[in-house]
Amino acid sequence: MKLLYFAWVRERVGGASEDIPRPDGVATVGDLVAWLAARGDGYAEAFEESSMVRAAVNQEHVDLSHPVADGDEVAFFPPVTGG
Amino acid sequence: MKLLYFAWVRERVGGASEDIPRPDGVATVGDLVAWLAARGDGYAEAFEESSMVRAAVNQEHVDLSHPVADGDEVAFFPPVTGG
Amino acid sequence: MIRVQEEDFDLGAELKAMSAGKTSIGGLCSFVGLVRDMAGDAEIGAMTLEHYPGMTEKALEEIETEAHARWPLDATLIIHRYGRLEPGDQIVLVAAASAHREAAFEACHYLIDFLKTRAPFWKLEDTADGAKWVDARASDDAATARWAVKSGEE
Amino acid sequence: MIRVQEEDFDLGAELKAMSAGKTSIGGLCSFVGLVRDMAGDAEIGAMTLEHYPGMTEKALEEIETEAHARWPLDATLIIHRYGRLEPGDQIVLVAAASAHREAAFEACHYLIDFLKTRAPFWKLEDTADGAKWVDARASDDAATARWAVKSGEE
């Protein structure tokens with residue numbers, strides 16, 4: 001999967017993107033958040049207020065129950081503030 | 001008083017403006033409409049559908065009960081259609 | 001600022017001038033009315049806008065003053081043309097600038113709604129059947145009336 | 001049409017291009033968002049807009065498509081900038097043109113409301129206390145939500 005991070009999620013994680021194989025037992029966005037947070041350090045910090053993190057799968061806004069599959073582009077970011 | 005006519009009121013009356021002394025017994029815009037309509041011809045035609053004619057006294061929209069005084073500028077016109 | 005003029009206006013230059021140097025402005029909403037080539041089913045060639053010099057300026061100034069009383073605005077602009085206009089020509093520009101997006105939108109909408117029912121302009125359209133005075137629309141009165149309701153809700 | 005770009009845009013030229021040659025247009029409503037020098041109480045020097053290339057374009061196209069599905073529109077335009085912006089700089093332009101004034105106003109308002117909650121942009125403001133990510137506002141969610149109510153009423 002391709003993971004992308006934006007704004008303060010990117011700053012806390014410490015990188016803008018990474019490619020990882022889908023971890024065992026990760027079937028939804030929520031599972032992925034839990035798996036990332038458990039990596040510790042910046043990841044834990046980025047996802048500690050998980051209600052403040054939004055997600056997109058293949059460039060569509062989704063919620064935590066949305067499934068993730070091998071090859072998906074999954075992005076995490078704060079609520080948007082453009083316009 | 002100075003009387004002004006616009007759009008189809010002007011066309012029916014046959015003139016854009018006229019100066020007249022305030023007629024005896026004319027105290028309101030409604031009185032003035034009745035007095036003008038009684039002049040016949042174009043005036044009668046202009047004011048026959050009096051619900052379609054709007055009035056302004058000294059450049060402010062008013063209704064038929066509004067008083068008129070010597071020296072007033074009184075205008076008659078259809079509902080406005082600008083913008 | 002209000003202007004009543006026969007000549008065309010430069011939309012971009014007008015809007016730029018409105019916000020120039022005012023960095024408190026967060027949003028600028030504008031509406032331009034244009035001459036359509038169709039009104040109802042009758043094809044329109046051109047139109048002539050008659051107005052009431054003196055009262056027009058007074059009415060537009062009152063509408064602008066009322067908008068400033070209702071919303072926190074940094075700038076407003078109303079330009080209305082008169083005389084002969086062809087399809088595609090600009091008729092009117094209203095614009096409102098504010099720190100806040102909703103204020104800019106609502107004030108701009110208010111300006112055009114009130115202009116439509118209060119500013120003394122009359123359209124004479126050239127149609128295939130000859131010149132015809134445009135009838136006022138009930139929907140314009142309704143558009144003005146709703147601002148009374150909105151004020152009550154606030 | 002949608003565009004995502006670092007460079008500034010010419011508001012007048014963009015609006016002119018939208019309506020050029022389309023004499024079915026009766027009204028053109030536009031909204032420009034500008035960088036304010038004050039956000040809340042902290043003085044802002046400049047800001048940097050980060051975005052999600054690819055998803056940004058997709059989100060803006062979806063918002064535009066939805067507006068065309070809801071209102072009879074002759075043209076729409078969304079331009080959003082990214083990168084470093086100073087107070088007074090233009091950030092975003094949304095515009096909608098229609099035969100009808102209400103459709104132009106509502107569609108323009110809809111475009112900016114949805115852009116504010118759906119388009120993946122993030123503002124990093126330079127303040128006296130250092131660079132700060134702007135928090136999303138609950139009022140923006142409320143502004144989006146009201147369109148759901150309006151649809152139900154129609």
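Here the structure is a predicted model, which means the values were calculated and not measured. Below, all heavy atoms of this structure are taken into account, side chains as well, without hydrogens, waters or symmetry copies. Proteins come first, then strands; the chains are lettered A, B, ... in the order of their sequence lines, and each starts at number 1.
Remark: side-chain polar atoms of D/Lys123 are not paired, donor with acceptor, to backbone N or O of A/Val80 under 3.5 angstrom. In this structure a side-chain-to-backbone donor-acceptor pair under 3.5 Å is missing from D/His80 to A/Gly82.
Residues of residues 56-64 of chain A lying under 4.5 angstrom from chain D, judged on non-hydrogen atoms, are A/Ala56, A/Asn58, A/Gln59, A/Glu60, A/His61 by number. For residues 114-121 of chain D, a heavy-atom distance under 4.5 Å to chain A picks out D/Leu115, D/Lys116, D/Thr117, D/Arg118, D/Ala119, D/Pro120, D/Phe121, given by residue number.
Contact annotation: the side chain of D/Glu50 never approaches that of A/Phe77 to less than 4.5 Å [non-hydrogen atoms, C-beta and beyond].
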Intermediate values then yes/no, side chain to side chain contact (heavy atoms under 4.5 Å, CB included), A/Glu11 and D/Trp133:
CA-CA 11 Å; A/Glu11 289 180 339; D/Trp133 291 101; 2.8 Å; yes
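Across A/Thr81 and D/Val134, no two heavy atoms sit closer than the pair CG2-O, 3.3 Å. Nearest heavy-atom pair across D/Trp122 and A/Pro78 is NE1-O, 2.8 Å.
With a threshold of 4.5 angstrom between heavy atoms, D/Asp140 does not approach chain A through any atom at all.
Interface remark: of the candidates A/Glu73, A/Met52, A/Arg54, A/Glu73 forms the most heavy-atom pairs closer than 4.5 Å to chain D.
By the neighbour-count criterion of 12 heavy atoms within 6.0 Å, atom NZ of D/Lys22 is densely surrounded, having more than that number from other residues, nucleotides or ligands.
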